[in-house]
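The structure under discussion appears below in the form of structure tokens.
Residue numbers begin at 1 in each chain, while the letters A, B, ... track the order of the sequences. Bear in mind that the values here come from a model prediction, so they are computed numbers and not experimental data.
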Number of protein chains: 2
Amino acid sequence: MGSTSQRRKRATIHDVAVEAGISRGTVSRVVNGERYVSEAARTAIEDAIAKVGYVPNTAARNLVMQKTQAVGFIVHEPHSLFLNDPNIGEILLGANASLSDADYQMVCLVIDSDRDTDRVARYLSGGFVDGAIIVSARKNDPITRVVSGLDLPAVFVGHPPELDDVPFVGIDNRGSAAAITSRLLETGRRRVGMIAAALDRDSGADRLAGFTDALGDHFDPRLVVEVPLYEYSAGVTGMRELLAREPNIDGVFAASDAVAAGALEAIREAGLSVPGDIGIVGFDDSSWAARCSPQLSTIHQPAGSLGRRAAETVLAQLRGDEVKLGGILLDTPIIWRDSA
Amino acid sequence: MGSTSQRRKRATIHDVAVEAGISRGTVSRVVNGERYVSEAARTAIEDAIAKVGYVPNTAARNLVMQKTQAVGFIVHEPHSLFLNDPNIGEILLGANASLSDADYQMVCLVIDSDRDTDRVARYLSGGFVDGAIIVSARKNDPITRVVSGLDLPAVFVGHPPELDDVPFVGIDNRGSAAAITSRLLETGRRRVGMIAAALDRDSGADRLAGFTDALGDHFDPRLVVEVPLYEYSAGVTGMRELLAREPNIDGVFAASDAVAAGALEAIREAGLSVPGDIGIVGFDDSSWAARCSPQLSTIHQPAGSLGRRAAETVLAQLRGDEVKLGGILLDTPIIWRDSA
DNA sequence: TTGTAGGCGTTATCAA
DNA sequence: TTGATAACGCCTACAA
């Protein structure tokens with residue numbers, strides 16, 4: 001028993017016109033709800049539409065209208081990050097909300113291999129979308145090249161590496177990191193270290209820089225351990241390493257909440273207490289933060305707002321508004337809870 | 001300083017043809033790498049393409065080719081679920097992998113409101129995709145109606161409510177739930193309860209049914225507490241309730257790993273130990289499972305494979321192959337760890 | 001208020 | 001090997 005039920009050809013405006021005995025022009029008017037259509041014609045056409053099961057072919061419409069009412073949301077992340085990053089989902093939802101309000105369809109394109117990169121580049125070039133929101137671009141990214149070559153209205157979430165004259169929305173990772181580190185210092189901790197992650201990316205490097213800023217003369221490179229990704233497991237190993245290097249450590253800035261959660265685990269397994277023995281702070285204010293015990297003191301990353309602002313920025317470009325190049329930085333309040 | 005750099009009109013095949021002094025037909029052949037083009041013509045055209053910055057308009061191509069090489073991946077979930085469900089991401093990646101191999105573009109459409117539903121329905125009808133993969137359809141879902149009205153090649157992930165004669169790929173929630181409950185029973189637990197979640201969905205209802213099956217005569221409705229979603233916080237409250245109803249409970253089947261993780265927290269806060277006092281098992285084998293302490297005994301849900309199989313199923317339909325209606329059920333091995 | 005016809009950017013058929 | 005030319009399905013002046 002197969003599903004081979006003759007896939008019948010889709011009805012076109014022409015079919016409707018024939019069925020209703022009225023010209024295609026008028027059918028088109030009815031479909032698009034325009035004025036100047038007689039009641040008689042309208043009902044006849046509506047009947048015909050129902051009868052032949054007509055549904056407009058948007059691709060054809062786009063071709064003639066030269067626009068698609070769609071915006072691409074491009075996520076370029078390796079598996080593990082895409083699945084674990086607590087922010088991407090919120091950014092996506094925020095962007096979708098704004099786009100949806102403006103009656104634009106968000107089309108999410110996932111890049112997970114070089115083949116994907118090429119195909120997405122083609123897709124973008126193909127005129128399927130009127131604009132693009134790009135999350136976590138890489139340096140020397142073909143996508144970036146395509147976008148600027150086409151001068152497709154686009155906005156980046158996070159500072160695109162090596163690109164300064166493009167609109168982007170992000171946060172001040174460095175300043176935020178410095179702020180929460182200072183706050184941690186103010187609680188009287190003397191030996192504070194950092195589990196730095198993702199140093200190959202702006203966010204990671206900036207958070208480390210902020211940490212360094214805040215420590216000033218007290219900065220001790222031995223108290224910084226580097227891990228590859230913003231991951232729970234990286235937090236565990238990172239913290240173990242830190243403890244090995246400096247058993248008397250009493251404060252830790254983890255590069256993200258997930259890392260902090262892992263660190264908590266390592267501290268617990270070492271028989272130490274938080275915040276008693278060690279004060280620890282994270283970054284993101286993701287669901288990890290409230291779920292840990294004790295709950296994490298952290299930096300709030302306004303992921304939903306990032307998505308919304310990004311969407312609004314491309315929408316503005318689409319409208320033809322002036323858009324300021326360079327970054328829009330959103331606020332990142334410190335959320336002080338129990339872990340420090 | 002605005003970004004108002006005259007968005008110049010995109011070059012078309014026609015422009016290239018004029019520039020190269022050759023007909024559009026030949027240009028098209030070059031673009032599509034066909035044979036029977038003289039070297040001279042080819043290089044002339046390639047130069048012209050580079051000169052005018054030509055990039056094919058895929059929308060136009062699709063119109064005439066009557067296909068798009070794209071498949072929609074439709075996620076219909078409320079915010080919190082979409083962000084927290086550990087499976088969706090893996091399903092998406094699995095589907096993308098298969099689609100990518102077949103040189104299809106996956107376009108992910110997120111439905112987050114009624115407006116979204118309508119727009120996605122339009123998008124699907126619009127001829128932008130050749131097929132669709134639908135995750136977590138609702139009963140009486142407009143999307144489902146559109147898909148079947150269009151008879152667009154489609155496959156569901158999970159059993160679509162009230163629909164039996166459509167292809168879908170899923171797992172045997174009921175059997176799996178019964179299996180792990182039995183396994184828990186075999187460890188000698190006498191008072192075992194369940195934190196049942198998402199009973200308004202097939203997966204949730206089936207897991208409860210499986211639990212009931214396994215318990216047989218020993219089933220005690222007082223030991224089942226219902227929570228709305230597969231969430232950590234639901235696990236915390238659910239477990240507290242269970243403990244309140246039956247302080248001597250010594251076994252728990254949580255409807256998902258996230259729920260189990262929450263239950264662990266509630267058990268800890270009650271001063272009880274796992275697996276000493278209470279044995280607990282989960283469902284999903286998501287990242288929660290390995291992250292808990294003790295690590296969770298659970299059912300492995302093959303999310304990546306679900307995505308791949310789903311993609312292969314629509315790809316098969318696209319090829320015109322016979323596709324068996326009804327479900328393909330994937331294996332769900334028990335992963336026995338430390339929590340029971 | 002309605003019909004006609006041209007064009008959107010490609011591909012594909014068929015002569016040349 | 002190449003060039004016309006007709007679709008593809010739709011919108012939109014323009015004319016009636």
Between C:dG9 (P) and B:Asn32 (CG): distance, integer Å: 17 Å
C:dG9 OP1/OP2 closer than 4.0 Å to side-chain N/O of A:Gln66: yes
Atom pair distance, as rounded to whole Å: CD in A:Glu34 and P in D:dT12: 7 Å
A:Asp103, CG: over 12 other non-hydrogen atoms inside 6.0 angstrom: yes
Candidate nucleotides D:dT2, C:dT10, D:dC8, ranked by approach to the side chain of B:Ile13 - the nearest: C:dT10
Nucleotide nearest A:Val64 when distance is taken to its side chain, options C:dC8, D:dA4, C:dT10: C:dC8
Touch class at under 4.0 angstrom, heavy-atom based, for A:Val31 against every strand present: nothing
Spacing between B:Asp15 atom CG and C:dG9 atom P, to the nearest angstrom: 8 Å
Out of C:dG3, C:dT10, D:dA4, whichever nucleotide has its closest atom nearest the side chain of B:Arg61: C:dT10
Touch class at under 4.0 angstrom, heavy-atom based, for B:Val55 against every strand present: sugar-phosphate
First encountered from the 5' end of DNA chain D, between A:Tyr54 and B:Thr26: B:Thr26
Interatomic distance where CZ belongs to A:Phe128 and C1' belongs to C:dG9 [whole Å]: 13 Å
Any A:Tyr123 side-chain heavy atom under 4.5 Å of A:Val129 side chain: yes
The single option from B:Val169, B:Leu329, B:Asp164 passing side chain to side chain contact (heavy atoms under 4.5 Å, CB included) against B:His159: B:Asp164
d(CZ, A:Arg29; C1', D:dC14) in whole Å: 11 Å
Residue A:Arg119 excluded, over 12 heavy atoms near CZ under 6.0 Å: yes
Neighbour count above 12 (heavy atom, 6.0 Å) for B:Asn32 CG: yes
Minimum-distance nucleotide (side-chain atoms of A:Ser28 versus D:dT12, D:dT2, C:dG3): D:dT12
Sugar-phosphate, base or nothing in reach of B:Ala59, heavy atoms under 4.0 Å: nothing
D:dG9 OP1/OP2 closer than 4.0 Å to side-chain N/O of A:Thr12: no
Rounded distance in Å - CE (A:Met65) to P (D:dA13): 11 Å
Selected nucleotide, minimal atom distance to B:Ser38 side chain, candidates D:dT2, D:dC8, D:dT5: D:dT2
Length of the line joining B:Asn57:CG and D:dC8:P, which is rounded to integer Å: 18 Å
Whole angstrom value for the distance that separates P of C:dA12 from OH of B:Tyr36: 16 Å
Residue A:Leu63, side-chain heavy atoms: nucleotide from C:dA12, D:dG9, C:dT10 that is nearest: D:dG9
